[in-house]
Amino acid sequence: MNRRRPTLLAALTLTATAALTLSACGSDDDSGAKDSDKIAGADTSGASPSASPSETASAQPERPEIALPADVTYKFEWGKSSDPVKGAVLHDAEQRIKAVDMAIAEQDPLHKAYRFYSEGEAAAGSEKYIQDFVDHKARTTGVTRYYNESVNTKDDGTAALVYCEDQSKSFNKFLKTGKTDVTSVTKDSYVLYASTLRKNSEGVWVTERLVSERGSAKCQP
């Protein structure tokens, strides 16, 4: 179970392929999440070739504006990579994270912002995840920290991104009552994520697959 969510909301545990072996989530996750938390080997057979530098430069897609409530903040403690490709991967992954929280805040499971930065299994999983908040009229609040990132890029226009999330100061806020569900900090407040991204024809690094491991030893303070 994702501790920044009330017990009635499911954790974000999506079927994924990534260059990392993760064990199943903790026993607090529902059975569906457990079944979907297995990671297969990396699979890039469906990935599109990377756009050429000239194609990327000419595309210049209009990126969606990310606007969040004032009480939803982040600490991205990701290093500044000297590799422009890795830097672009981290930037677009960060935008996807924020876009999902914006969709939750606006109670829109089909929000165009997160769909701009995700496709396939990741987009479908995010839609279900956001819908859980909509069904229970809740959203996120507080500050979430991201750290211990690792990016591996490939010549075929795909990348594997692994990172940690600290949810110890991030909670659920119910829209009808305005009540914030403040919970105690435990080892499950720290989550390891692994994702597969692909550079699309517009030069955007879209997340295609995502998986999480709650309480991972790799992310403990």
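Heavy atoms only: backbone and side chains are in, while hydrogens, waters and symmetry mates are out.
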Heavy atoms only: give me the nearest [X]-[Y] pair and the separation to one decimal.
X      : Y      : answer
Thr140 : Val72  : O-CG2, 3.4 Å
Thr144 : Ser170 : OG1-OG, 3.2 Å
Gly157 : Trp205 : O-CZ3, 3.3 Å
Glu149 : Glu77  : OE1-O, 3.8 Å
Leu68  : Asp101 : CD2-C, 3.6 Å
Cys164 : Asn148 : SG-CB, 3.9 Å

[X] side chain to [Y] main-chain N or O, any donor-acceptor pair under 3.5 Å?
X      : Y      : result
Tyr163 : Val151 : no
Ser195 : Leu161 : yes
Arg214 : Asp188 : yes
Gln107 : Ala103 : no

_When you compare the side chains of Ser81 and Asp83, does any donor N or O come within less than 3.5 Å of an acceptor on the partner?_
no

*asked:* Distance alone, cut at 3.5 Å: any donor-acceptor contact between the side chains of Thr158 and Asp156?
replied: yes

*Give the intermediate values and the outcome of salt bridge (Lys or Arg N to Asp or Glu O under 4.0 Å) for residues Lys199 and Asp92.*
CA-CA 10 Å; Lys199 188 177 182 181; Asp92 289 352; over 6 Å; no

_So if I apply the side chain to side chain donor-acceptor pair (under 3.5 Å) rule between Glu165 and each of Tyr146, Tyr74, Tyr147, which one comes out positive?_
Tyr146

Distance check, rounded to the nearest 0.5 Å: [X] atom [atom1] versus [Y] atom [atom2]?
X      : Y      : atom1 : atom2 : value
Glu202 : Phe116 : CD    : CZ    : 6.0 Å
Asn200 : Glu208 : CG    : CD    : 9.5 Å
Asn172 : Asp181 : CG    : CG    : 6.0 Å
Leu90  : Phe76  : CG    : CZ    : 10.0 Å
Gln167 : Cys219 : CD    : SG    : 10.5 Å
Ile130 : Arg139 : CD1   : CZ    : 14.5 Å

Check: [Y] and [X] side chains under 4.5 Å, non-hydrogen atoms:
X      : Y      : result
Gln95  : Val204 : no
Leu197 : Tyr117 : no
Pro109 : Phe133 : no
Asp135 : Gln131 : yes

*asked:* In this structure, would Val206 and Val211 fall into the same cluster of hydrophobic residues linked by side-chain contacts under 4.5 Å?
replied: no

*Please step through side-chain contact (heavy atoms from CB on, under 4.5 Å) for the pair Val185 and Tyr190, ending with a clear verdict.*
CA-CA 9 Å; Val185 178; Tyr190 305 92; 3.8 Å; yes

_Check this for me, if you would: do Lys218 and Glu213 make a salt bridge, where the nitrogen-to-carboxylate-oxygen distance has to be below 4.0 angstrom?_
no

_Filter on salt bridge (Lys or Arg N to Asp or Glu O under 4.0 Å), then keep only pairs touching residues 104-117, sequence neighbours left out; what's left?_
none

